[in-house]
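Data block below; observations after.
Both backbone and side-chain heavy atoms feed into the values below; hydrogens, waters and symmetry mates do not.
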Amino acid sequence: MEIASLIQSAWDARENAYAPYSKFAVGAALLTGDGRVFTGCNVENLSYGLTICAERVAIGSAVAAGMKNLTMLAVVADTDVPVSPCGACRQVMAEFGIERVFLANRMQTIEFELSDLLPRAAAGILNRAE
């Protein structure tokens with residue numbers, strides 16, 4: 001799959017965002033090892049701590065469908081610079097070994113490796129040997 005197609009899938013998912021409080025809509029698209037794409041959008045809640053980020057919605061959808069081999073993720077939003085995943089999303093990406101992450105706005109796309117976004121993720125809070 002082309003990166004542009006994955007990013008477009010994220011923009012399409014963003015259209016379904018439920019963001020009545022922040023008005024900040026985010027979309028994500030996740031590619032699996034067998035070429036399937038799972039999408040997600042942010043889902044806000046009045047109790048803001050219960051808000052679910054687009055990245056975790058996409059990952060949860062893939063896992064619910066039985067997928068564990070997750071290869072790359074695109075995250076999009078209408079921002080001045082490409083949007084960046086929160087710490088919780090970065091840790092969930094690490095749990096499933098999503099190595100390539102594309103962050104995009106309407107003007108540019110930046111590619112990261114997960115190790116750039118979350119150093120020593122494999123050690124986790126237990127400080128395991130990597």
Side-chain angles (χ1 to χ4, degrees):
M1 165 174 264
E2 289 183 30
I3 303 309
S5 295
L6 189 67
I7 291 170
Q8 184 57 54
S9 293
W11 283 113
D12 293 344
R14 180 184 170 274
E15 294 299 317
N16 295 320
Y18 179 75
Y21 307 107
S22 72
K23 309 291 189 233
F24 184 69
V26 180
L30 174 68
L31 183 66
T32 65
D34 68 355
R36 293 173 63 187
V37 174
F38 291 85
T39 61
C41 59
N42 56 319
V43 181
E44 290 184 352
N45 189 282
L46 182 59
S47 176
Y48 210 71
L50 299 178
T51 293
I52 307 169
C53 298
E55 299 94 311
R56 284 182 279 150
V57 170
I59 293 167
S61 294
V63 171
M67 305 306 299
K68 303 289 188 300
N69 181 11
L70 313 179
T71 62
M72 67 179 73
L73 180 75
V75 184
V76 301
D78 270 327
T79 50
D80 292 337
V81 296
V83 67
S84 188
C86 73
C89 287
R90 293 173 193 213
Q91 188 62 52
V92 172
M93 285 185 256
E95 182 71 20
F96 291 96
I98 301 168
E99 284 300 320
R100 295 177 70 194
V101 182
F102 298 88
L103 309 177
N105 62 10
R106 299 283 183 189
M107 298 169 290
Q108 79 180 112
T109 299
I110 303 171
E111 180 179 358
F112 288 92
E113 290 187 18
L114 184 61
S115 60
D116 294 329
L117 296 172
L118 188 64
R120 298 192 69 238
I125 61 171
L126 300 177
N127 201 31
R128 299 176 294 197
E130 293 186 69

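You'll find the side chain of Asp78 reaches within 4.5 Å of the side chain of Trp11, heavy atoms only. Residues Arg90 and Val101 are not in side-chain contact: their nearest non-hydrogen atoms beyond the backbone lie 4.5 Å or more apart.
Expressed to the nearest 0.5 Å, how far CG of Leu31 lies from CG of Leu70 amounts to 9.5 Å. Note that the OG1 atom of Thr109 and the CG atom of Leu103 stand 9.0 Å from one another [nearest 0.5 Å]. Interatomic distance, Tyr18 OH to Thr51 OG1, rounded to the nearest 0.5 Å: 10.0 Å. We find the CZ-CG distance between Phe96 and Asn69 to be 11.5 Å, quoted to the nearest 0.5 Å. Between atom CD1 of residue Ile98 and atom SG of residue Cys89 there is a gap of 10.0 Å, rounded to the nearest 0.5 Å. Ile59 contributes atom CD1, which lies 12.5 Å from atom CD1 of Ile52 (distance to the nearest 0.5 angstrom).
Annotation: salt bridge (Lys or Arg N to Asp or Glu O under 4.0 Å) contacts of Asp12 (sequence neighbours excluded): none. Listed by chain and residue number, Glu111 satisfy the salt bridge (Lys or Arg N to Asp or Glu O under 4.0 Å) test with Arg100 (two or more places apart in sequence, or in another chain).
Sorted by first then second residue, the side-chain hydrogen bond (donor to acceptor under 3.5 Å, both in side chains) pairs that include residues 23-40, not counting sequence neighbours, are Thr32-Asp34.
Closest of all the heavy-atom pairs between Asn16 and Cys41 is O-SG, 3.4 Å. Closest non-hydrogen pair, Cys86 versus Glu55, comes out as N-OE2, 4.5 Å. Closest approach of Val76 and Val83 over heavy atoms only: C-CG1, 4.0 Å. Listed here is the closest heavy atom pair of Gly40 and Ala13: O-CB, 3.4 Å. Nearest heavy-atom pair across Leu118 and Gln91 is CD2-OE1, 3.5 Å. Among all heavy-atom pairs drawn from Ala104 and Pro82, the shortest one is N-CB, 3.8 Å.
Both Met67 and Met93 belong to a single network of hydrophobic side chains, linked directly or stepwise wherever heavy atoms of I, L, V, M, F, W or Y lie under 4.5 Å apart. Under a hydrophobic clustering in which Ile, Leu, Val, Met, Phe, Trp and Tyr are joined whenever their side-chain heavy atoms come within less than 4.5 Å, directly or via other members, Phe38 and Leu114 fall into the same cluster. Taken together through direct or relayed side-chain contacts under 4.5 Å among Ile, Leu, Val, Met, Phe, Trp and Tyr, Val43 and Val26 form parts of separate hydrophobic clusters.
With hydrogens and angles ignored, the 3.5 Å screen pairs a side-chain donor or acceptor of Asn105 with a backbone N or O of Thr79.
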Set out, in order, the CA-CA distance, both residues' side-chain angles and the distance that settles side-chain contact (heavy atoms from CB on, under 4.5 Å) for Val63 and Lys68, then state yes or no.
CA-CA 6 Å; Val63 171; Lys68 303 289 188 300; 4.3 Å; yes
